[in-house]
Amino acid sequence: MSAVPVDHGDPLEAFGRETAGCTRCRLAQGRTQVVFGAGNPHADLMFVGEAPGFHEDKQGLPFVGQAGKLLEKLLAGIGLSRQDVYIANVLKCRPPGNRDPAPDEIEACESHLFRQIELIEPVVVATLGNFATKLLSGRPLGITRVHGQEQQTTIGSRSVLLYPLYHPAAALYTPAMLKVLESDFARLPGLLGAAEPAPLEVVAEPEPAPAEQLNLF
Ligand code: SF4
């Protein structure tokens, strides 16, 4: 698997190179590399997780461990692959010991994510777990309360449909949560379709009835 996140020549790729040297927060000290994100730079569907873990930090790609395998399985279930979507995290560097992101780290890193969303221009942003959901919804409500409930929101200059989901890592070992995640996931194709601009409907003028026909009544 290549650590190059996106196509050459794409503005997102240039932004990825710029971010690779970021030292805005303390996580720069312990990381192997910045895990910028990966996938289709023009995806309609973007996933935002929490932060890179051990394997992500080593490989430079998001969601490559067991949670990543589950995400791929869920995507396959709706006829998509990793290449069809874009996957990123709230934090681009691994917190030591996979601890939770700290508020000042999120604050330092959030503009990278907002810029990614502006460049990718997704139609639906599916947040995976609490941290991404709270950051992008701007509300303190936890994922248990809001999963599966889409909301139109503005991120940077972009209006997107935000769709909170359980984090696959949390669902891995909790069968009940996995069932909920699967059923929330199944709504994604419909949300993507519904969020597309509706084609202009041309309403045909009714043909005037022939005179002799009118006379029949
Ligand atoms: S976590 Fe984000 S803000 Fe902190 S060093 Fe990494 S890229 Fe920069």
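The structure displayed is predicted, hence computed values, not measured ones. Read the numbers this way: they start at 1 and go in the same order the structure lists the ligands and their atoms.
Side-chain contact between Glu13 and Pro41: absent, with no pair of heavy atoms (C-beta onward) separated by less than 4.5 Å.
Note on Lys73 versus Glu182: no salt bridge recorded, every NZ/NE/NH1/NH2 to OD/OE distance being 4.0 Å or above. Salt bridge status for Glu105 with Arg26: present, with a side-chain N to carboxylate O gap under 4.0 Å.
When each of Leu188, Asp44, Val160 is tested with Val124 by the rule side-chain contact (heavy atoms from CB on, under 4.5 Å), just one qualifies, namely Leu188.
Within the protein, the N, O or S atoms lying under 2.8 Å from atom 6 (Fe) of ligand 1 are Cys93 SG.
When the side chains of ILVMFWY residues are joined at heavy-atom separations under 4.5 Å, either directly or via intervening members, Leu27 and Val35 end up in two distinct hydrophobic clusters.
Using bins of under 30°, 30° to 60° and over 60° for the plane-to-plane angle, the ring pair Phe36/Tyr86 lands in the perpendicular bin.
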